[in-house]
Amino acid sequence: MNTIKAGDIVRVIKAKAITSRLQSIIGKDVRVADVRGNYLLIDGMHGGPIYYTRFEKVAGPEEIKIGKYIISLERNGDLLPAEKPRQYSSDAQALKVAEQMAAKHGGKFLIFKAIGEYEMPVAKPSFRAL
C-alpha cells in the first residue's frame with residue numbers, strides 16, 4: 001500500500017536502471033508535489049511522474065524541525081566550532097551533515113539549535129542644553 005502523500009519528504013533510492021533525470025537527485029531528500037496512483041510528482045522536477053518504488057519515505061513535514069542549527073566538533077570535552085560555522089535550517093539537514101563529517105573526519109560532532117535570540121537595546125542619544 002502506498003502511504004506516501006503530497007507534502008511528504010522522500011529520498012530517491014539507487015536502482016540498477018536509473019534515468020538521467022533521477023541521477024542528479026539520488027540520495028537527496030525531495031518533497032512530493034502530487035501522487036498519481038503508483039507515481040509521484042516531485043517539487044521542482046520537470047518531466048513526467050516517477051514510479052513510487054524508487055523512493056523511501058523520510059519524514060513528514062511536521063516531523064522536521066525548522067530553526068537555526070550549527071555543528072561543532074567535540075574533542076576531549078572541549079567544543080571546537082568553526083571560525084564561521086555554517087547554519088542549517090532543519091534538524092534533518094544538520095544531522096545528515098554531522099553524520100557525513102563524522103564518517104569523513106572521525107571524531108564526535110555535536111548539533112546545536114538556537115533556542116532564543118537576545119539583542120542589546122540601541123541606546124537613545126540624550127541631549128543637554130548648553
Side-chain angles (χ1 to χ4, degrees):
M1 172 104 184
N2 184 356
T3 60
I4 298 173
K5 59 189 181 306
D8 284 349
I9 306 294
V10 294
R11 183 172 295 137
V12 179
I13 301 169
K14 188 168 184 166
K16 288 181 183 177
I18 195 144
T19 65
S20 58
R21 202 163 53 114
L22 286 177
Q23 190 70 37
S24 64
I25 60 169
I26 288 177
K28 293 184 181 176
D29 297 345
V30 293
R31 185 175 306 276
V32 176
D34 193 18
V35 178
R36 296 182 182 166
N38 289 333
Y39 293 86
L40 305 178
L41 284 173
I42 303 304
D43 269 350
M45 193 167 181
H46 302 291
I50 302 159
Y51 196 63
Y52 82 96
T53 57
R54 299 272 190 184
F55 300 92
E56 63 181 347
K57 188 171 178 182
V58 177
E62 67 281 349
E63 297 168 7
I64 294 178
K65 295 169 185 70
I66 305 298
K68 289 183 181 180
Y69 295 85
I70 63 167
I71 298 172
S72 176
L73 174 65
E74 181 186 40
R75 188 175 291 148
N76 300 327
D78 294 327
L79 294 175
L80 305 170
E83 188 174 313
K84 290 184 179 180
R86 176 177 281 170
Q87 286 188 25
Y88 300 96
S89 59
S90 75
D91 64 337
Q93 185 184 30
L95 285 165
K96 186 175 180 179
V97 172
E99 183 180 319
Q100 291 171 348
M101 290 172 71
K104 183 176 180 180
H105 304 292
K108 184 177 182 181
F109 289 85
L110 303 176
I111 300 167
F112 295 92
K113 179 180 181 183
I115 59 168
E117 194 172 290
Y118 301 97
E119 200 170 312
M120 187 75 161
V122 178
K124 294 180 183 177
S126 60
F127 298 98
R128 291 188 288 172
L130 296 176

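The figures that follow rest on heavy atoms only: side chains count, while hydrogens, waters and symmetry mates do not.
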State the [atom1]-[atom2] distance between [X] and [Y], to the nearest 0.5 angstrom.
X: Ile71; Y: Gln93; atom1: CD1; atom2: CD; result: 8.5 Å
X: Lys108; Y: Glu74; atom1: NZ; atom2: CD; result: 4.5 Å
X: Leu95; Y: Ile111; atom1: CG; atom2: CD1; result: 4.0 Å

Same apolar cluster (I L V M F W Y, side chains within < 4.5 Å links), Leu73/Met101: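 Per the 4.5 Å side-chain linkage, Leu73 and Met101 are co-clustered.
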Using the rule that two of Ile, Leu, Val, Met, Phe, Trp, Tyr join whenever any of their side-chain heavy atoms come within less than 4.5 Å, decide whether Leu80 and Leu110 are in one cluster.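 As far as the 4.5 Å side-chain criterion goes, Leu110 and Leu80 are not connected within one cluster.
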Where Gly107 and Ala102 come nearest, the two heavy atoms and their spacing: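 Here Gly107 and Ala102 meet closest at O-CB, 4.0 Å.
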Where is the tightest heavy-atom contact between Ser89 and Tyr69, given as atom of each residue plus distance?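 In terms of heavy atoms, the two residues are closest at C-CD1, 4.3 Å.
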Tell me whether the count of non-hydrogen atoms from other residues, nucleotides or ligands lying under 6.0 Å of CG in Leu79 goes above 12.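 More than 12 heavy atoms, drawn from other residues, nucleotides or ligands, come within 6.0 Å of this atom.
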